[in-house]
Amino acid sequence: MAFSLAAESGTDGYGFENIVGVGIAERLTNGHPIGQPAVTVYVARKAPPDEVVGAALVPPEYEGVPTDVVESGEFVAFTERGRYRPAPSGVSVGHHSEDAGTLGFLASHQGEFVLVSNNHVLALTNDAAPGDAIVQPGHADGGSDSDRIGTLKRFHPLDFAGRNMIDAAIATVERDMVSSEIYGIGAYSAQPLEAQEQMLVRKVGRTSGVSRGIVRDIHASIKLRYRPGVARLQEQVIVEPRDAQAFSEAGDSGSLVIEESSRCPIGLLCGGTPGYSVVNRIDRVLDGLGLSLST
């Protein structure tokens with residue numbers, strides 16, 4: 001079954017631009033899962049039917065499958081605190097010239113040791129060049145050339161006119177400059193794990209620290225806003241918080257998301273809303289950049 005995002009449409013009412021994502025997840029009633037799959041439509045804002053443009057109204061079902069409209073808010077790429085040597089996953093990192101995000105995980109690329117984070121964290125959303133300095137902490141947290149930790153090696157370009165699976169980049173780094181642990185949690189597994197609905201997960205991010213979440217969706221197509229514009233990401237994992245604390249906040253982009261008990265990586269966080277976080281599947285990140293996990 002295919003269910004794709006419709007084209008954006010300017011309108012005085014709520015049109016297709018109000019739909020920010022589509023996925024397949026367990027339907028919720030009064031905030032509780034009821035064991036029934038549904039086509040989940042994420043909207044920036046729920047509105048009365050009479051305020052929604054007719055063509056953008058979500059039908060009660062799609063190809064025999066019930067629909068579930070979720071007010072997620074607009075998904076936004078997270079971009080924007082101490083110096084650590086060796087630097088563990090979960091701390092501030094970024095391109096030397098601006099902003100800050102989160103150091104995700106360590107990997108091997110063509111025999112070289114690299115750190116992994118988002119394109120928009122390390123490569124300034126396609127604007128940086130291989131060879132640029134990567135600093136820890138990131139520029140927004142006071143990082144300067146004297147805090148250089150690595151060198152941008154490669155990034156997966158974000159296509160603002162097409163479809164994307166990942167927002168990821170790598171930087172070469174000396175092994176003694178980084179730690180194979182997640183700050184405040186400890187070691188993580190070198191075995192990637194496929195995300196599943198209702199899976200309990202954790203992450204450590206530059207802004208919000210340690211947080212716990214639950215996988216809500218594993219097949220979401222999302223419109224994610226970056227500074228240059230909106231990019232469409234497919235096959236994304238959606239995580240919602242398990243506690244009063246948000247799962248992620250601005251500056252947490254690049255965080256490694258792990259399964260609660262095994263500590264196996266399931267994805268790379270790249271953005272979200274106050275209630276929902278967008279996570280690239282770990283297999284897509286590894287395959288897209290030609291990486292193997294390293295601890």
Please report the closest heavy-atom contact between [X] and [Y], naming both atoms and the distance.
X	Y	answer
Thr102	Ser117	O-OG, 2.7 Å
Asp147	Pro137	CG-CD, 4.3 Å
Ser208	Glu249	CB-OE2, 3.7 Å
Ile258	Pro265	CG2-CA, 4.0 Å
Thr151	Ile134	C-CG1, 4.2 Å
Pro88	Ser179	CA-CB, 3.8 Å

Using modelled atom types only, decide if a donor and an acceptor are shared between the side chain of [X] and the backbone of [Y] within a distance under 3.5 Å.
X	Y	value
Asp217	His219	yes
Glu98	Gly138	no
Asp252	Arg206	yes
Glu26	Ala38	no
Arg85	Val178	no
Glu17	Gly15	yes
Glu112	Gln110	no
Glu259	Ser261	yes
Asn119	Asn126	yes
Lys46	Val69	yes

Original post:
Stepwise, does the side-chain hydrogen bond (donor to acceptor under 3.5 Å, both in side chains) test hold for Lys203 with Ser277?
Top reply: CA-CA 11 Å; Lys203 74 101 189 69; Ser277 298; over 6 Å; no

Can you tell if the side chain of [X] reaches within under 4.5 Å of the side chain of [Y], non-hydrogen atoms only?
X	Y	result
Tyr276	Val70	yes
Ser262	Ser189	no
Val20	Ser72	yes
Leu193	Ile282	no
Glu235	Arg284	yes
Val91	Gln136	yes
Tyr42	Ile238	yes
Val22	Lys223	no

Scan side-chain atoms only and decide if [X] and [Y] contain a donor-acceptor pair under the 3.5 Å cut-off.
X	Y	value
Arg212	Gln245	no
Asp132	His95	yes
Thr40	Asp68	no
Ser253	His120	yes

Find the distance between [atom1] ([X]) and [atom2] ([Y]) and round it off to the nearest 0.5 Å.
X	Y	atom1	atom2	answer
Phe75	Thr273	CZ	OG1	5.5 Å
Ile149	His96	CD1	NE2	15.0 Å
Asn280	Ile266	CG	CD1	10.0 Å
Arg175	Phe113	CZ	CZ	3.5 Å
Gln36	Arg27	CD	CZ	5.5 Å
Ser89	Glu181	OG	CD	9.5 Å

Check the hydrophobic clustering (I, L, V, M, F, W, Y; side-chain heavy atoms under 4.5 Å; chains of links allowed) and say if [X] and [Y] are grouped together.
X	Y	value
Val135	Leu122	no
Val210	Leu103	yes
Val239	Ile214	no
Ile170	Leu124	no
Phe160	Leu233	yes

**OP:** List for me each residue that meets side-chain hydrogen bond (donor to acceptor under 3.5 Å, both in side chains) alongside His156, sequence neighbours excluded, and say none if there are none.
**Re:** none

Subject >> Salt-bridge criterion met for Arg281 and Asp287 (N-O under 4.0 Å) >> reply: no

**OP:** For the pair Asp167 and Arg232, find out whether any cationic side-chain nitrogen is under 4.0 Å from an anionic carboxylate oxygen.
**Re:** no

**OP:** List the steps, then state whether side-chain contact (heavy atoms from CB on, under 4.5 Å) holds for Ile218 with Met199.
**Re:** CA-CA 10 Å; Ile218 58 174; Met199 178 182 281; over 6 Å; no

Subject >> Other residues, nucleotides, ligands: >12 heavy atoms within 6.0 Å of Glu174 CD >> reply: no

Subject >> Intermediate values then yes/no, side-chain contact (heavy atoms from CB on, under 4.5 Å), Leu106 and Val114 >> reply: CA-CA 6 Å; Leu106 309 181; Val114 297; over 6 Å; no

Subject >> Pairs flagged by salt bridge (Lys or Arg N to Asp or Glu O under 4.0 Å) wherever residues 185-194 is involved - sequence neighbours left out >> reply: none

Subject >> Ring center gap for Tyr84 and Tyr183 short of 6.0 angstrom >> reply: yes

Subject >> Stepwise side-chain contact (heavy atoms from CB on, under 4.5 Å) test for Leu268 and Asn118 >> reply: CA-CA 8 Å; Leu268 189 69; Asn118 293 143; 3.6 Å; yes

**OP:** Starting from the C-alpha separation in whole Å, work towards a yes-or-no answer on side-chain hydrogen bond (donor to acceptor under 3.5 Å, both in side chains) for Asn164 and Gln234.
**Re:** CA-CA 6 Å; Asn164 303 273; Gln234 295 180 309; over 6 Å; no

**OP:** Would you please test Thr125 and Leu158 for side-chain contact (heavy atoms from CB on, under 4.5 Å) and show each step?
**Re:** CA-CA 7 Å; Thr125 318; Leu158 283 161; 3.9 Å; yes

